[in-house]
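Side chains are part of it too, since the values below use all heavy atoms of this structure and drop only hydrogens, waters and symmetry mates. Because the structure is a prediction, the values reported are computed rather than measured.
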Amino acid sequence: MARTYIKDLKVGEKVTVKGWLHEIRGLAKVKFLILRDYTGIIQCVATSDNEELFKKVKTLNPETVVEITGSVVANKIAKQGYEVAVEDLNILGEVSQVLPIQVVEKGDINTDLSTRMDNRFLDLRKPEINKIFQFRNTIYKTTVDFFMKNDFMNIATPKMTSAGVESGAEMFSIKYFNTKAYLSQSPQIYKQMMVCSGFEKVFEIGSIFRAENSNTTRHVTEFIGIDFEMAFVTDENELMDFTEEYIKELVKATKAEVKVPSKIPRVPFEEVRDMLNKKGKKITDDIDPESEKLLGELVLKKYKSDLIFVTNYPWSKRPFYHVKNGDGTKGFDLLLRGVEIATGSLREHNYDILKKQAEEKDVKLDDMKDYAVMFKCGAPPHGGCGLGMERITQNLLGLDNIREACFVPRDPDRLTP
Ligand code: ATP
Ligand code: MG
């Protein structure tokens with residue numbers, strides 16, 4: 001018999017459902033098998049009237065994979081208002097050892113994060129955890145739809161590179177035949193290259209690797225970057241307008257509980273510094289995480305917004321390719337409840353200025369031949385932005401730790417499973 005998904009069950013039908021035994025409850029003469037599939041949970045009932053079946057049911061353990069055939073019958077007491085009266089049951093996947101963690105945690109068992117991540121495949125079976133990834137999936141779909149609808153070209157850039165544009169310290173080195181290569185810490189060079197290749201508007205959703213201290217609740221060593229770059233942008237406000245439109249679509253599609261005003265405030269770094277200094281947080285040219293958090297609270301009070309663009313960051317803290325604006329830069333960070341979720345800027349496309357800016361940061365532009373040449377062969381004015389998929393998921397949902405938003409997280413202490 002063809003399989004019916006739990007979400008599609010209708011009273012009166014004879015069906016075959018397949019999935020995991022979420023819970024088994026029962027009495028001497030009746031057993032309730034709570035079955036879970038990708039689409040939902042349903043109660044199935046077996047009674048001792050069918051002796052052979054009942055014998056089999058009594059041996060079952062939670063998380064066994066089974067196939068159940070029966071009739072969907074109305075039952076006011078059941079959660080859904082109906083249940084499946086079991087007529088036949090087959091075991092498709094045995095549970096032959098004690099489960100390392102429980103999928104349904106009873107009482108005050110509260111497995112710690114590390115143990116959960118050690119047994120992530122079981123942890124992901126929990127409906128409440130599964131929901132995080134349904135949410136993330138909506139972000140993915142909305143992102144692709146948004147960029148496609150705006151005529152962006154989806155690009156795929158190399159994840160093994162000879163060097164990056166940011167400082168090398170954060171890069172993982174790998175053996176590449178007889179030479180050394182690095183795992184990509186940003187698609188920056190390549191997205192600029194694709195703009196210079198005439199695609200004009202490009203985006204990528206791809207892996208990013210950073211050998212940085214990720215023992216925080218918002219860093220991992222491998223994450224999914226959402227990156228875009230667009231040509232003929234001459235004002236950072238255009239970039240913010242577009243980023244804002246994108247974020248609003250994400251909030252709408254995910255129905256996230258986030259306060260988004262009709263226009264997200266754009267506050268220059270200097271003003272932010274004053275706001276924080278007034279509250280006793282002394283910052284100079286960068287905002288530390290603790291100050292960012294306080295900023296999130298101040299912004300919520302002042303602007304009734306969970307989101308803020310901090311603009312015109314000091315040049316001293318920005319990479320050489322951001323367009324200068326006096327002592328500042330034509331760029332922004334987007335913060336969600338006091339956590340950075342995006343950084344964007346106009347990119348310097350004038351070769352001579354870029355070279356000078358690089359020198360100021362001790363970067364030798366002409367050593368980066370493949371990058372430098374792009375600015376001597378007709379580069380359009382351009383700009384772009386990079387966001388983190390897991391950061392967005394974490395902070396739209398208000399999750400304590402970014403690891404909750406990674407299928408299988410990687411950090412300095414974790415290379416398994
Ligand atoms: P942070 O200051 O939070 O370390 P960053 O400024 O180094 O971030 P960017 O280089 O601006 O990060 O990267 C763009 C986006 O990628 C960030 O805004 C963030 O959403 C995400 N991101 C950066 N580093 C990480 C990380 N280690 N783990 C998860 N997401 C990250
Ligand atoms: Mg940043």
Side-chain angles (χ1 to χ4, degrees), residues 140 143-168 171 174 176 179 181-210 223-243 245-246 318-324 329-332 342-358 361 363-389:
Y140 184 89
T143 301
V144 173
D145 289 350
F146 178 77
F147 285 105
M148 289 296 187
K149 171 172 92 184
N150 282 289
D151 293 330
F152 276 66
M153 170 73 77
N154 175 241
I155 56 169
T157 66
K159 300 304 161 211
M160 295 188 288
T161 61
S162 60
V165 280
E166 327 276 335
S167 78
M171 304 216 281
I174 53 169
Y176 193 77
T179 179
Y182 301 92
L183 293 179
S184 168
Q185 106 224 88
S186 158
Q188 186 60 36
I189 290 182
Y190 295 103
K191 58 180 182 166
Q192 288 189 262
M193 182 177 166
M194 290 305 121
V195 163
C196 291
S197 303
F199 289 118
E200 297 203 20
K201 297 200 279 185
V202 299
F203 81 105
E204 176 165 41
I205 303 175
S207 298
I208 291 184
F209 305 89
R210 296 204 179 165
F223 64 94
I224 298 297
I226 300 167
D227 268 276
F228 72 85
E229 200 75 19
M230 49 213 287
F232 301 105
V233 187
T234 51
D235 180 345
E236 67 273 32
N237 281 300
E238 284 176 60
L239 288 172
M240 280 185 268
D241 289 344
F242 190 68
T243 307
E245 204 183 315
Y246 167 57
R318 296 310 233 195
F320 75 91
Y321 55 84
H322 282 203
V323 170
K324 255 189 172 178
T329 44
K330 296 196 172 183
F332 57 89
T343 294
S345 82
L346 289 182
R347 321 300 191 191
E348 186 50 65
H349 76 291
N350 175 300
Y351 175 78
D352 294 323
I353 300 174
L354 189 63
K355 186 172 158 123
K356 211 173 134 273
Q357 291 193 178
K361 302 263 180 196
V363 175
K364 290 200 176 63
L365 186 61
D366 291 323
D367 284 357
M368 305 168 65
K369 280 198 194 70
D370 298 327
Y371 187 63
V373 67
M374 291 167 3
F375 302 94
K376 293 196 276 188
C377 300
H382 64 283
C385 180
L387 309 95
M389 173 79 89

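What you find for Leu239 and Leu346 is that their closest heavy atoms are CD1-N, 3.8 Å. Summarising the geometry of Val195 relative to Ala231, their closest heavy-atom pair is CG1-CB, 3.6 Å, with the distance given to 0.1 Å. Listed here is the closest heavy atom pair of Asp235 and Asn237: OD1-N, 2.8 Å. A pairwise comparison of heavy atoms in Ala372 and Asp366 identifies CB-OD1, 4.1 Å as the closest pair. Residues Phe332 and Glu236 approach most closely at CE2-O, 4.4 Å, considering heavy atoms.
Relative ring orientation between Phe320 and Tyr371 is described as perpendicular, the plane-to-plane angle rising above 60° on a 0-90° scale split at 30° and 60°. Relative orientation of the Phe147 and Tyr246 rings is tilted, given thresholds of 30° and 60° on the angle between their planes. Relative orientation of the Phe152 and Phe203 rings is perpendicular, given thresholds of 30° and 60° on the angle between their planes.
Panel note: side chain Lys191, backbone Cys385; a donor-acceptor pair is recorded below 3.5 Å.
For the pair Lys355 and Phe375, the minimum side-chain heavy-atom distance is 4.5 Å or more. Side-chain contact check for Glu348 versus Val323: some heavy-atom pair is nearer than 4.5 Å.
Look at Lys159 and Glu204 and you find a salt bridge, because one of the NZ, NE, NH1 or NH2 atoms lies within 4.0 Å of a carboxylate O, short of that distance.
Residue-environment remark: CZ (Phe232) exceeds the threshold of 12 foreign heavy atoms within 6.0 Å. At most 12 heavy atoms of other shown residues, nucleotides or ligands fall within 6.0 angstrom of atom NZ in Lys356. Residue Met240 qualifies as enclosed at atom CE: its count of foreign heavy atoms under 6.0 Å is above 12. No more than 12 heavy atoms of other residues, nucleotides or ligands shown are found within 6.0 angstrom of NZ on Lys369. Other residues, nucleotides and ligands contribute only 12 or fewer heavy atoms inside 6.0 Å of the OH atom of Tyr140.
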_Quick one, Leu354 with Tyr351, criterion side chain to side chain contact (heavy atoms under 4.5 Å, CB included). Give me CA distance, side-chain angles, the key distance, then yes/no._
CA-CA 5 Å; Leu354 189 63; Tyr351 175 78; 5.6 Å; no

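For the side chain to side chain donor-acceptor pair (under 3.5 Å) with Glu229, the qualifying choice from Arg347, Lys201, Gln192 is Arg347, the only one to do so.
Side chains of His322 and Ser345: a donor on one and an acceptor on the other come within 3.5 Å.
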